[in-house]
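In what follows, a structure is listed as structure tokens, so that the remarks can point back to it.
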Amino acid sequence: MDALVDKIRGGERRSLARAMSLVDQSGADAEALKDALRRETGDVPWWGFTGPPGVGKSTLIDALLGMLRERGRRVGVVAVDPTSPLSDGALLGDRVRMMQHAVDLDVFIRSLATHGREGGLSDATLHCARLLELAQYDPVLIESVGVGQNEVDIASVADICVVMLGPGYGDEIQLIKAGLLEVADIIVVNKCDTPEANRLLAEVREQGKRQNVESRKSKVESPKSKVESRKSKVESPKSKVQTSIARGGSHGLASEAPPTEIIGIEAKSGKGVDALLDKLLELDRTARGTEQRQRYRHRRILGEIKRGVMLACEQNLDRALTAPAAKELLAKLERGELSLDAIVAQLGATPARHN
Amino acid sequence: MDTSRPKRILIGKVGLDGHDRGAKFIVQALRNAGYEVIYTGIRRTPEQIVRAAVDEDVDAIGLSLLSGAHNELFPRVAELLQEEDAENIVLFAGGTIPDKDIPHIESLGFRKVFTPGVPLAEILSAIEGELAGRSDGGGAIV
Ligand SMILES: Nc1nc2c(ncn2[C@@H]2O[C@H](COP(=O)(O)OP(=O)(O)OP(=O)(O)O)[C@@H](O)[C@H]2O)c(=O)[nH]1
Ligand SMILES: [Mg+2]
């Protein structure tokens with residue numbers, strides 16, 4: 001395994017590509033490599049991009065790739081698209097928008113399928129991002145599937161979280177109400193070549209102002225940082241099977257989180273993307289402090305532990321709840337011999353209480 | 001947890017024609033048949049196709065072409081794969097390719113050449129057959 005790690009670190013592209021396939025599987029070799037990666041990486045900030053399908057995530061990443069290359073950075077990209085719930089197959093189409101960088105050896109793009117994982121990022125996303133880091137790509141960009149809960153998932157994995165909005169999806173304001181402003185480090189309104197996007201940009205700015213006033217007010221009472229509220233969002237009981245430790249954990253990354261930046265762009269023409277990149281690079285620099293790095297490393301690994309334990313528990317529980325055991329429990333409940341709470345206690349789980 | 005993953009196929013269009021209804025149809029069909037399909041879009045160069053295929057560690061490449069430049073572009077793809085030491089990636093071709101050119105293309109290492117009118121079921125079973133014996137990509141590197 002050490003030999004493989006050395007090869008990847010030394011820039012052997014084919015080893016990197018095949019290692020990415022390996023970590024998309026389980027088995028002794030795969031697990032050994034994943035553990036080596038956990039030990040060997042954690043210094044490079046990951047930039048996450050999320051937003052509804054078609055909002056322009058890949059187009060934006062393509063524009064950023066060009067600009068980062070001009071600055072001499074070697075860039076890694078992990079692009080995640082959904083697995084079909086019906087066939088296990090997937091259409092991984094993000095590359096269509098990034099082909100101008102396809103032959104640049106200082107860019108490495110890898111497409112992944114979600115494999116049905118709820119949060120919109122496959123487990124392999126983390127491993128592939130770590131592999132890119134090991135191969136000296138810096139920064140690492142992650143494009144996630146943008147529906148439902150996924151914004152939250154990317155926020156718990158990426159160091160810097162960009163949420164993209166655009167015209168024609170209708171639900172943006174609802175997304176914002178649902179807490180997107182707290183999850184995002186930067187909100188990008190794309191397609192500002194259209195009047196609808198400009199209207200949306202104005203609305204989001206308005207919403208952002210209100211939110212900042214509110215959070216300033218609440219800060220007077222209790223010094224709650226953006227990171228902490230982000231955490232409570234991610235860990236709220238509403239979220240499905242919780243797969244990740246929230247950003248910052250109990251020790252927030254910054255006690256004085258700046259207000260979320262709101263930037264309008266045209267990803268296709270590149271207009272406004274330079275201002276966005278400046279902001280990203282600024283966040284990237286602050287994310288490089290040693291203390292921050294250690295915290296992010298640990299948070300990701302704790303997230304993986306948590307997810308592993310939850311999967312195991314879920315499997316055990318599924319087994320316990322199949323017949324004939326389940327039949328007996330149901331019969332007892334119906335005869336009034338056991339309460340639901342008693343059954344829950346008997347199965348060894350203490351349900352999270354919402355107070 | 002899954003011990004195996006779906007097979008990965010890159011579908012790309014080389015050549016200058018800008019029409020990809022056929023390629024998209026195949027992309028959709030392969031996805032529905034359980035493959036992870038990496039679609040690269042139209043007007044790609046052999047260099048772009050091969051770089052993407054190697055980085056994505058695909059099991060197969062399906063090249064589509066309508067413009068008639070197959071006698072230049074297909075050999076180039078095969079050659080680049082060799083340079084990359086990636087001949088284990090299975091090659092397929094599809095498009096308007098005259099019957100007389102098919103033996104030459106097959107001699108370059110293309111396992112199957114699908115011309116218009118070949119039923120979808122036949123394409124899918126041919127691809128499945130060619131990929132069946134392959135072990136998962138990552139296993140061999142450790
Ligand atoms: N008008 C306009 N269209 C844009 C802009 N940026 C991207 N688009 C178009 O939006 C469409 C979707 O772009 P993508 O980059 O593929 O979007 P995406 O968010 O990556 O999509 P998924 O990965 O499928 O979720 C394409 O047709 C782009 O050309 C823009 O600034 N203005
Ligand atoms: Mg995309």
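Throughout, a chain's letter reflects where its sequence line sits, starting with A, and its residues are numbered from 1. The figures here come from the full heavy-atom set of this structure, side chains too, leaving out hydrogens, waters and symmetry mates.
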* Please determine, among B:Glu84, B:Glu56, B:Gln28, the option with the most heavy-atom pairs under 4.5 Å with chain A. => B:Glu56

* For the candidates B:Ala33, B:Ala86, B:Gly34, B:Gly41, which exhibits the highest count of non-hydrogen atom pairs separated by less than 4.5 Å from chain A? -> B:Gly34

* To do: Identify, with sequence neighbours excluded, every residue that meets salt bridge (charged side-chain N to carboxylate O under 4.0 Å, His left out) alongside A:Glu40.
  => A:Arg9

* **Side chains of A:Tyr137 and A:Leu131 in contact at under 4.5 Å (non-hydrogen atoms)** => no

* Going by residue number, which parts of residues 66-79 of chain A are within reach of chain B, meaning a heavy-atom gap below 4.5 Å? -> none

* Structure fact -> If one checks every heavy atom of A:Leu91 against chain B at 4.5 Å, the contacting part turns out to be both

* Decide yes or no for B:Ile9 and B:Asp59: does some side-chain heavy atom of the first lie under 4.5 Å from some side-chain heavy atom of the second? => no

* Structure fact -> Cut-off 4.5 Å, heavy atoms of chain B, and the answer for A:Arg13 is side chain

* In this structure, which one of A:Asp2, A:Asp6, A:Ile8 forms a side-chain contact (heavy atoms from CB on, under 4.5 Å) with A:Leu4? -> A:Ile8

* Most heavy-atom pairs under 4.5 angstrom with chain A, which of B:Thr40, B:Asp55, B:Asp85, B:Ile42? -> B:Asp55

* Do the side-chain N and O atoms of A:Asp81 and B:Tyr39 include a donor-acceptor pair separated by under 3.5 angstrom? -> no

* Asked: Is it the backbone or the side chain of A:Leu105 that comes under 4.5 Å from a heavy atom of chain B, or both, or neither?
  -> side chain

* Asked: Are the side chains of A:Ser144 and A:Lys57 in touch, meaning some heavy atoms are under 4.5 Å apart?
  -> no

* With only heavy atoms counted, which part of B:Val54 is less than 4.5 Å from chain A, the side chain, the backbone, both or neither? -> both

* Asked: side chain to side chain contact (heavy atoms under 4.5 Å, CB included) between A:Lys268 and A:Asp193: does it pass, once the steps are laid out?
  -> CA-CA 9 Å; A:Lys268 213 167 173 179; A:Asp193 48 304; over 6 Å; no

